[in-house]
Amino acid sequence: MKIAIGNDHAGVDLKNAVMEHLEEAGYTIDDFGTQSTQRTHYPLFAEKVAGKVTSGEYDCGILICGTGVGVSIAANKFKGIRAAAVADATAARLVKQHNNANIICFGARIVGEELAYDIVDAYLGHEFEGGRHQERIDLITSIEEKGTCQ
Ligand code: RB5
């Protein structure tokens, strides 16, 4: 599994910790910045990671900003991206099992290192359940394509 990770200035330290945690667990994870704590703009990094996921080059993405919300809003502008901002491991598991989220987002000003590890482990350690959940994903896709579910 190939993972793309990105963040703004607020997320640098947590990104480094999460990368180390996932590399130790054997994942392949590539960093799309920023590596600097100098103030920048979270949509730039959401765009890089979302692009890598929609192109199929990476299986999924991780995005970190102050809250996790800004990067999720930006990433969700991409067709085919289901970016979920979470702040606990239960939601991280469910956004994979039910929503087939292909990017998980969280906030460095909201979650600490240990919780971030639990979040990525729960997300990466579960599979999409399909079935009735696929029908709902299909409805989301039809909103993307036609602007409506009907
Ligand atoms: C940056 O100060 C902050 O606004 C950003 O990291 C994020 O929280 C936005 O959603």
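Quick caveat: nothing in here was measured; it's all calculated off a predicted structure. Whatever order the structure lists ligands and atoms in, that order sets their numbers, starting from 1.
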ask   = Around atom NZ of Lys48, are there more than 12 heavy atoms of other residues, nucleotides or ligands at under 6.0 Å?
value = no

ask   = Should the proximity of Thr67 to ligand 1, defined as any heavy atom under 4.0 Å, be assigned to the side chain, the backbone, both, or neither?
value = both

Numbering as shown, the atoms of ligand 1 that approach Cys65 to under 4.0 Å (heavy-atom distance) = 6 (O), 7 (C), 8 (O), 9 (C), 10 (O)

request  = Looking only at protein heavy atoms, identify the closest one to atom 10 (O) of ligand 1 and say how far it is in Å.
outcome  = Gly70 N, 3.0 Å

query = At what distance, to the nearest 0.5 angstrom, does CG of Asp88 lie from CZ of Arg93?
reply = 10.0 Å

query = What atoms of ligand 1 come within less than 4.0 Å of a heavy atom belonging to Asp8?
reply = 1 (C), 5 (C), 6 (O)

Residue Glu145 excluded, over 12 heavy atoms near CD under 6.0 Å = yes

remark   = Exactly one of Ile5, Thr28, Val120 clears side-chain contact (heavy atoms from CB on, under 4.5 Å) with Leu22, and that residue is Val120

ask   = What do you think, any protein heavy atom under 4.0 angstrom from atom 6 (O) of ligand 1?
value = yes

query = Any idea which protein heavy atom is nearest atom 9 (C) of ligand 1, and the distance to it?
reply = Tyr42 CE2, 3.4 Å

query = Quick one: nearest non-hydrogen protein atom to atom 3 (C) of ligand 1, plus distance?
reply = Arg109 NH1, 3.7 Å

task = Could you list the atoms of ligand 1 found under 4.0 angstrom from a heavy atom of His9?
result = 1 (C), 2 (O)

message = Measuring only between side-chain heavy atoms, which start at C-beta, is Val71 closer than 4.5 Å to Asn7?
response = no

query = If we only count N/O pairs under 3.5 Å, is Gly66 in contact with ligand 1?
reply = yes

More than 12 heavy atoms of other groups within 6.0 Å of Glu47 CD = no

query = So, Tyr58 versus Phe32, ring centres under 6.0 angstrom or not?
reply = yes

